[in-house]
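First the structure, in the form of structure tokens, and then the observations on it.
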Amino acid sequence: MRFILEGLGLTLYISAVAILLSMIFGTVLAIFRNMEKGPLKLLATIYIEVVRNVPNLLWIFVIFLVFRLKSTPAGIVSFTVFTTAALAEIIRGGLNSVGTGQIEAATSQGFNQIQVMRYIILPQAFRSMLPAIMSQFVTVIKDTSFLWSVLALQELLGKANILMGRYTATSQVFALYGIVAIVYFIVNFTISQYARRLSKKWSKAY
């Protein structure tokens with residue numbers, strides 16, 4: 001169990017860093033794509049559409065082979081690249097959910113565009129898009145299982161595959177992967193439940 005939990009720690013580390021970076025870059029891309037026109041809107045649109053429509057597994061291969069990164073940085077970068085595109089669309093939907101009346105009212109009070117985005121749009125948008133962001137976080141945690149097959153990274157599933165070499169009986173293999181499945185379920189279910197509670201709490205406060 002200690003060996004498996006070490007892999008869980010690496011899984012959560014990669015997932016958390018990738019989500020954090022993706023939220024930053026995804027917010028920037030969402031703002032660019034919401035522009036009426038211009039090269040930034042075009043570049044954001046191309047990035048989002050290309051990355052979202054190519055499997056994440058392929059991006060892991062490309063980033064690892066082209067940039068020659070070590071396994072953990074390659075995993076973080078590849079998941080950041082893919083998740084940024086996914087979160088950009090989620091964040092863009094959240095930004096568009098804020099009523100234009102509030103934006104016009106803030107502008108009439110002397111707020112500039114940056115202040116409107118910081119104080120009016122983003123706080124409200126984040127509340128509405130929290131469930132989708134947490135769902136994406138769960139997806140990233142599950143998809144880190146790709147990293148063992150491509151990078152031989154000893155995350156949660158990688159640790160289980162290493163242990164499997166010590167056992168041959170069918171019951172032992174089922175028990176080992178059953179433990180891994182339970183660990184994935186507990187982590188992801190906990191995150192989902194926390195997101196639901198936080199979303200309800202914010203909706204009541206709002």
Side-chain angles (χ1 to χ4, degrees), residues 7-34 43-64 71-98 117 121-151 153 155-158 180-203 206:
L8 174 62
L10 183 58
T11 291
L12 295 178
Y13 171 73
I14 292 173
S15 302
V17 174
I19 281 289
L20 179 61
L21 294 175
S22 297
M23 285 189 64
I24 297 171
F25 298 139
T27 301
V28 174
L29 285 180
I31 293 172
F32 286 166
R33 193 167 187 184
N34 259 0
L43 289 174
T45 301
I46 292 173
Y47 178 91
I48 292 170
E49 294 302 330
V50 170
V51 173
R52 285 182 67 212
N53 290 289
V54 174
N56 192 17
L57 190 60
L58 183 58
W59 290 115
I60 299 173
F61 272 112
V62 169
I63 289 169
F64 179 65
S71 296
T72 300
I76 292 173
V77 171
S78 59
F79 273 93
T80 300
V81 167
F82 186 81
T83 309
T84 292
L87 284 182
E89 284 298 276
I90 293 172
I91 295 170
R92 188 168 74 97
L95 297 179
N96 292 335
S97 68
V98 179
M117 183 62 66
I121 298 177
L122 285 179
Q124 296 184 67
F126 185 73
R127 292 182 179 185
S128 65
M129 61 191 178
L130 177 65
I133 291 176
M134 298 306 292
S135 176
Q136 188 63 39
F137 191 14
V138 169
T139 299
V140 171
I141 291 174
K142 292 186 293 185
D143 287 353
T144 54
S145 57
F146 296 150
L147 296 175
W148 166 255
S149 61
V150 180
L151 308 178
L153 193 63
E155 40 68 58
L156 179 56
L157 187 62
V180 172
I182 291 171
V183 172
Y184 272 119
F185 174 79
I186 291 174
V187 171
N188 293 328
F189 183 75
T190 301
I191 293 173
S192 299
Q193 288 296 104
Y194 176 75
R196 290 190 188 100
R197 288 186 179 182
L198 193 58
S199 181
K200 289 180 180 178
K201 181 179 178 180
W202 282 358
S203 63
Y206 184 69

- Note on the structure: Minimal heavy-atom distance between Trp59 and Val51, with the atoms involved, is NE1-O, 3.4 Å
- Message: List the residues meeting side-chain hydrogen bond (donor to acceptor under 3.5 Å, both in side chains) with Arg52, not counting sequence neighbours, and say none if there are none.
- Response: none
- What's the spacing between Lys142 NZ and Thr11 OG1 if we round to 0.5 Å? 13.5 Å
- Message: For a side-chain contact (heavy atoms from CB on, under 4.5 Å) check, start with the C-alpha distance between Phe185 and Ile182, then their side-chain angles and the critical distance, and finish with the verdict.
- Response: CA-CA 5 Å; Phe185 174 79; Ile182 291 171; 5.6 Å; no
- Task: List the atom of Glu155, the atom of Ser145, and the distance in Å for their closest heavy-atom pair.
- Result: OE1-CA, 3.7 Å
- Task: Kindly determine whether Ile141 and Phe137 satisfy side-chain contact (heavy atoms from CB on, under 4.5 Å), including the steps that lead there.
- Result: CA-CA 6 Å; Ile141 291 174; Phe137 191 14; 4.1 Å; yes
- Query: What do you reckon, is OH of Tyr47 surrounded by more than 12 foreign heavy atoms closer than 6.0 Å?
  - Reply: yes
- Which value, rounded to the nearest 0.5 Å, describes the distance between Leu29 atom CG and Ile24 atom CD1? 12.5 Å
- Query: CZ/Phe64 to CG/Leu151 distance, rounded to the nearest 0.5 angstrom?
  - Reply: 5.5 Å
Name each donor-acceptor pair under 3.5 Å that joins a side chain in residues 75-92 to protein atoms two or more places apart or in another chain, with its distance.
residue, atom, partner, partner atom, Å
Ser78, OG, Ala74, O, 2.9
Ser78, OG, Gly75, O, 3.0
Thr80, OG1, Ile76, O, 2.7
Thr83, OG1, Phe79, O, 2.6
Thr84, OG1, Thr80, O, 2.6
Glu89, OE1, Arg92, NH2, 3.3
Glu89, OE2, Arg33, NH1, 2.8
Glu89, OE2, Arg92, NE, 3.2

- Task: Before giving the answer on side-chain contact (heavy atoms from CB on, under 4.5 Å), spell out for Thr144 and Ser15 the whole-Å C-alpha distance, their side-chain angles and the decisive distance to 0.1 Å.
- Result: CA-CA 8 Å; Thr144 54; Ser15 302; 3.6 Å; yes
- Item | Approximate separation, where rounding is to 0.5 Å, of Leu8 CG and Tyr13 OH | 15.0 Å
- Rounded distance [0.5 Å steps], CG in Leu147 versus CG in Leu57: 9.0 Å
- Query: Side chains of Leu43 and Phe32: closer than 4.5 Å at any heavy-atom pair?
  - Reply: no
- Quick check: does any side chain N or O of Thr190 sit under 3.5 Å from a backbone N or O of Ile186, one acting as donor and the other as acceptor? yes
- Between CG of Leu130 and CZ of Arg196, what distance do you get to the nearest 0.5 Å? 11.5 Å
- Yes or no on side-chain contact (heavy atoms from CB on, under 4.5 Å) for Leu156 and Val187, after CA distance, side-chain angles and deciding distance? CA-CA 12 Å; Leu156 179 56; Val187 171; over 6 Å; no
